Each structure stands twice: as C-alpha cells, then as structure tokens.
Number of protein chains: 2
Amino acid sequence: MANAGTAQKARSSVDRIVERLYDDIRHMRLLPGTRISETDIAAQFGVSRQPVRDAFNRLANMDLIIVRPKKATEVKKFSVAAIERSRFVRASVEKEVLRLAAQRCTEADGFLLDSCISLQHKAMSEGDNAGFTQLDYEFHKTLCDIARVPYAFDVIRGEKEKVDRLCMLQLSKENRMPQLVEDHEAIAEAVKAGDPEAAAAAGATHLSRLDDTIAAIRITSAAYFDDSED
Amino acid sequence: MANAGTAQKARSSVDRIVERLYDDIRHMRLLPGTRISETDIAAQFGVSRQPVRDAFNRLANMDLIIVRPKKATEVKKFSVAAIERSRFVRASVEKEVLRLAAQRCTEADGFLLDSCISLQHKAMSEGDNAGFTQLDYEFHKTLCDIARVPYAFDVIRGEKEKVDRLCMLQLSKENRMPQLVEDHEAIAEAVKAGDPEAAAAAGATHLSRLDDTIAAIRITSAAYFDDSED
DNA sequence: ACGTCAATACTTGTATACAAGAAAGAATAC
DNA sequence: GTATTCTTTCTTGTATACAAGTATTGACGT
C-alpha cells in the first residue's frame, strides 16, 4: 500500500499479479461481486496457486477483494460506510492542508499555483483527459507542498484511489473539467490571499462535487454496492 | 492447544499468528529491528511455514514488519515520516470532528460528555490506568457520535494504534492523566458552548501533548527509528 | 411438475519439498 | 595479525499434494 506508485526493480510473481488485479479492479474490468479463483488466476499467469494466494492476501488487506474460508473469493462491492469514511478523511485532511497553505503561501508559491492552473486550462481546451487527471494530482500535491506538509499528499492520493474505481462508472468526465478548474481557481485565490477559512470553504465546495457524483452513481449502479455493513 | 476451555471462534492459524505477533509488536516485546523467521514462528506455533507466511504478509501490509526477498524479515523501525503523516491525519480528522461536534452538540450530548469526564476523574483518582485508556477511547468516540460522523472514530483509532507502540516506551503514564483530563474538559466546554474554532484549538492542544511525548521518545530511543525514508 | 436429498465438483487452508539468493563465518593467503 | 575469498547456512519464493468445507447440480421420490 505504501509503494503503490513507486516502480519496484525486482518484481516477483506476486507483485505482477497484484498489479494486474489491482488495475483490473480499479478500472472496473473486474466488477464488484465477480468471483475469482486462485486456480484460474494461477493458470492465467502460468504460476502455481501460491503466488496468487499471496497476491489475494495483499488485495484483501487493501479491501479490494474478500476472501472467506472455503468460499469463493470475490471482488468486494462498494461499501457506503467505507466511502463515507474515506471521503471524510480526505475532506478533513484537504481542508487542513488548505488552511495551512493559506497561512504559509509565499509569492513564489502563488506563481506555482498560477502555472498549475494555466496548464489545466490548456489540457481542458485540448480535451486531454488523462493529462488533466495528472494535473489535478499535481495541483493538490503543490498545495500540500505550499502547506509544508508534503506527506499529506500520500493520504489524499490514497483516499482518492479508494473511491476512484467508482468514477470509472461515470460516462463523461470532460463536461466536468470547467467546473473543476473553476474550483481550483477559487482555491488558489483564497490561498494566495492568505485566507485560511475561505480556502477551506473552497476546498469543501470542490470536494462536494465528488459527493454528488458518488450519490448519482450509487443510484444508477446499486448492484455494485454492498447492502450490509462491514 | 486446540481449544483451551473457552469456545473458540473460527480462528484460523493465520489469525492466531497475526494476533500474537501484532500484540508482541505493539507491546514492544518484539523490538524494532528484531529479525523473525518464518521457520521459527512456524515451529513455535506447531504449524507449517505457510500460515506463517500468510501472517507475515498481513503484517507487512500493516507496515509492522518488512519482508524482502531472500533477506531476513524484521520488525519495522519507526518511520519519522509515517508518524508525521499519521499524526497529521489524526489531527485533521479530530479537529474536523470537533468543529462538527461544536455545531451539532445538543443538551443531551453535553450531559454525555460530562458523564465521560466524571468517569475519567474517577479512574484517575483510583490510578486505574487501563480503565483510563478505555475511557479515553470512549470520550473521543462520543465526540464522533456527537459530530454525527461515527465512522470518523475508526480512523482516529486506527491512527492512534499506529503510534501506540511508541508510547509503550514511556515509563509513567499516570502523571499525564491530570493533563489529559484538563484537555478533555476544555474540549467538552468548547463543544458544549458551540464554538467550533475553540473546540478545534482545544483539540490541537490536546494532540500536541503526544507530539511532545513522541519527540522525547525519538531522542531517548533513537535506535528504534529508521534513518532512511520510505 | 416440484421438492428433497445425496453425490460431485470446486473453493480455500495447510503441509511438505525444492530452488535461488544473500549473509555470515571459517579457512587461507599475505 | 589482517584482509580476502570461499563455503556453509539461513532466508524467502515457488510448486505440488492433500485436507476440509461449501455450493451446485443431478437424481429420485412424491
């Protein structure tokens, strides 16, 4: 979990399997509720059950699959409680980051934010979806840096990834880009102005967009949500 | 060995091993840097290497041990970065909880807080260390309930446990109890008064105590800290 | 046609055996 | 005595075999 993004040199079979399954689950190629078998995956990768078993363990600890004794392992459904928790953590951290950023933003930091946003404008006008996603990450990372809490970005990214899989169900992302850029501009202005509460409020507004999206998906894709608690 | 009198739940070997090792690590019976071998643990539990291997995997995902290919697995040292991150998350979440609690605290909630604190006074005067720890958890859980974000407590408890192992190095905890109760009282007052910022500030003060403790331990027990980054 | 029951297939949990590499210790050369 | 090199041992990674339980499916009786 800690090294989800870093490129490992010596990748074992387990690493490869985890990477592949993680990607499949994240991109909803493996839908929630899908049953996956150790034997099947082992055959697909041409290895024994053992590495697959280890991989399953890792994924289970990431709460991406659920493996019960003597029952078929399956891709975990979305837990409303888990999503709420994750959203709350991200909102709390991000708001704290924005408060700190507003307090500590230097002139140079302000220019940094401006350049981030102009890049976003560029990506938006070009319809560069993937590029925009990357820039979105970088914007939030920049804010963490400005707040002098770079480690906070790890948390934000982690929580973001936890619910990212949901957003794969969303059809059009492009029509939301202008809204997001507007939000970013509001955040940047508040931070540059040194107004912590305004920055936190702008951040809250920004995050609430995702809440709406999730609420909508929850209705359209109810089958992928877990009715019981965890 | 199979069932020592009490009705055992369906705990697998892996569960038992994880539970035991987790407890040993948390209570610093297994010190950071200690090398542990799959074979050894397997022999101790009278099982094969396989369940131990699974247990190691789970613990590695919890960032409690580090297992590298062909190198001895060892109990992970304290990572300054990880501690900072964890502290930041807990502080962010707890402050957000307190803000919400202050906004949403009813009269009945206020009485709840009062009863929590009087129980803490009782445990303190009796020198009931374990009881106080439990009450401390319950106090923070109550605040989450008052804030109408009960799931936030999961996060707080999780982050708390991540650094709890550090506090095992601390000799006397009793002399800190009066300070903690004072903090709790300040928090409760601000929440009952419906003052979000005062509540958040009181919470920040409360958490800063732990930061001081950690800073002290970092010096006295430098050997247990990891110098490199992760 | 439908309900009940049993056998079968498929699931994960565990044990054992072998492979590959790293670290530590012993032996040797200087 | 010291440094270096080689061997030995210990480590985890992987493959295979067996065990135990569940779910499905088929057959059979009503």
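Chain letters run A, B, ... following the sequence lines, proteins first and then strands; every chain starts at 1. Computed from a predicted structure; not experimentally measured.
- Within the structure, the ring-ring contact (aromatic ring centres under 6.0 Å, His included) test picks out no pair touching residues 27-51 of chain A (sequence neighbours left out).
- Judged as a side-chain contact (heavy atoms from CB on, under 4.5 Å), and not counting sequence neighbours, the contacts of B:Ala60 are B:Ile65, B:Val67.
- Atom pair A:Asn57:CG and C:dT11:P shows a separation of 18 Å (rounding to whole Å applied).
- Not counting sequence neighbours, the partners of A:Leu31 by the side-chain contact (heavy atoms from CB on, under 4.5 Å) test are A:Met28, A:Thr34, A:Tyr224.
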Footprint string (nucleotides 6-14 of chain D, 5' to 3'): B base within contact, S backbone only, - free, heavy atoms under 4.0 Å: -----SBBB

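- For residues 49-68 of chain A, no pair satisfies ring-ring contact (aromatic ring centres under 6.0 Å, His included), with sequence neighbours left out.
- For A:Gln179, the side-chain contact (heavy atoms from CB on, under 4.5 Å) criterion is met by A:Glu182, A:Asp183, A:Arg209, not counting sequence neighbours.
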